[in-house]
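We use all heavy atoms of the structure for the numbers below, so side chains are in, but hydrogens, waters and symmetry mates are not.
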Amino acid sequence: MNYKAPRGTRDIFGETVLGLNLLEQKAKEIFIRHGFEEVRTPIFEEAALFTRSIGQTTDIVEKEMYVFEDRKKRKLALRPEGTASLARAFIEHRMDISSPACKFFYSGEMFRYERPQAGRYRQFRQIGAEIYASSSPAADAEIIILAQQVLSSLGIDKINIHINSLGCEKCRPLFREALVKYFSSVEDLCEDCLRRLEKNPLRLLDCKIDSCKFTDVPEMSDYLCSDCKDNFSIVQLLLKKANCNFTVNGKLVRGLDYYTRTVFEVRSDAVGSQDALAAGGRYDNLIKEIGGQNTPAVGFAIGAERALLAAQSVGFFENLKSPEKIFVAIADQELFSEAFTFAVKITRDGINGNKNISVFGPINGKSLTNQLKFADKIQTSKTIVFAKTEFENGKVLIKNMKDKTQSEIELNKL
């Protein structure tokens, strides 16, 4: 039987792995410069954590979570996003005491059962950052700028940042009433919209089926209380001061119920219709909702697959520098142990200070001809040959595998 990767998953190798590693490296460097600490959470949690935090009427909870029971009949779920898990860890380990700056970042695999397409998989990778215990609009602006910086580090400069305010528990009920009144007058709503109209009318703004029917929809900006208006104005002012261009989008709601006030998406037309590369916002009630103290918070996540797809369109992969492949061969079998010791040394220390190398060989029991054929097959740039006469004189042969030229060099000079 021929086994294949499950639908919506993929094997990652070659330049894609190099790109993913570089994205994570650049993101980590940027996060650390901004004072963030790394947290790694389990890939599965109690299913109730996501149901309670993300919201019963979201697509993730209704349609996309991978839920299963363990041997003790406990209901668990593969994590569909990183924020809820990090919030749980924050509460469980009292990170407000151990890490008073309360700035954290993460990267890891997430799982959602949805229709696979370009840049979207059922197993995918997110890189995110969160700021806890700060209600300042400066934290909102920092998070948005942080997302922009990570994407810019990949050469993705042509991006569109959309921001909106979803208000708070004071002003959102009035907006909810206006939405119910408006959507009740729209004919032939889809099944999801009819259900959400009663439970969470805000989610109708994110409908992919009926959105074309929605004209002159009420906007949250008309219902914001004075505190939320002032907060959103300061966020915009700080972004302008930092030369961070953005568009206020009154229809932006995000797909998770825990968001309050500032929400945003970073979009690029380089990835087609699935154009959101990063997204996030403020979620001041989440920590309390899942059992912690009342703690304001704001964060974002980047979809690694989409980000790399956008980076590829601007030539990012062309700039990836793979390690130089070096092969160590033996012309005389009795030199195998010396060649092996040398290969271990240059793998550890590099050659003339260059550690960006991959070392292969030596291969025992193969003729030099077969060893060189193997070196060609794996596309090495150079082969270092241990031959008896040269070795006795403290030298090795260096064979250029591209032009087939050969020279001698003293071993101690490597």
_Residue pairs passing the side chain to side chain donor-acceptor pair (under 3.5 Å) test where at least one lies in residues 15-44, sequence neighbours excluded_ = Glu24-Arg125, Gln25-Glu29, His34-Glu142, His34-Gln149, Glu37-Ser99, Glu38-Arg40, Thr41-Arg79
*side chain to side chain donor-acceptor pair (under 3.5 Å) contacts touching residues 369-384 (sequence neighbours left out)*: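 Sorted pair list: Glu324-Ser381, Glu324-Lys382, Ser367-Asn370, Asp376-Lys404.
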*Below 4.0 angstrom, N of the basic side chain to O of the carboxylate: do Glu289 and Arg52 qualify?*
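Yes, this pair counts.
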Atom [atom1] of residue position [X] - does it have more than 12 heavy atoms of other residues, nucleotides or ligands inside 6.0 Å?
{"X": "Tyr113", "atom1": "OH", "answer": "no"}
{"X": "Lys366", "atom1": "NZ", "answer": "no"}
{"X": "Phe360", "atom1": "CZ", "answer": "yes"}
{"X": "Gln293", "atom1": "CD", "answer": "no"}
{"X": "Gln406", "atom1": "CD", "answer": "yes"}

*Please say which of Leu154, Leu277, Leu151 ends up in a side-chain contact (heavy atoms from CB on, under 4.5 Å) with Ile302.*
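One option only clears the test, and that one is Leu151.
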I'd like to check [X] versus [Y] (side-chain heavy atoms, cut-off strictly below 4.5 Å). Are they in contact?
{"X": "Arg261", "Y": "Cys228", "result": "yes"}
{"X": "Val328", "Y": "Ile346", "result": "yes"}
{"X": "Met95", "Y": "Val39", "result": "yes"}
{"X": "Pro80", "Y": "Glu64", "result": "no"}
{"X": "Ile144", "Y": "Leu239", "result": "yes"}
{"X": "Leu78", "Y": "Met65", "result": "no"}

*Mind running salt bridge (charged side-chain N to carboxylate O under 4.0 Å, His left out) on Asp227 and Lys229 for me, showing each step along the way?*
CA-CA 5 Å; Asp227 286 344; Lys229 282 183 179 178; over 6 Å; no
*Step by step, would you call Arg282 with Asp284 a salt bridge (charged side-chain N to carboxylate O under 4.0 Å, His left out)?*
CA-CA 6 Å; Arg282 179 162 286 281; Asp284 289 345; 2.8 Å; yes
_Looking at Tyr66, I'd like to know if the NZ or CZ of Arg112 sits under 6.0 Å from its six-membered ring centre while staying within 45 degrees of the ring's axis._
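No; the conditions do not both hold, so Arg112 does not lie above the ring face of Tyr66.
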*asked:* Parallel, tilted or perpendicular, judged at 30° and 60°: which one describes the rings of Phe31 and Phe300?
replied: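 Ring orientation, 0 to 90° scale: perpendicular.
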*asked:* Using the ring centroid of each side chain, check whether Phe104 and Phe36 are separated by less than 6.0 Å.
replied: no
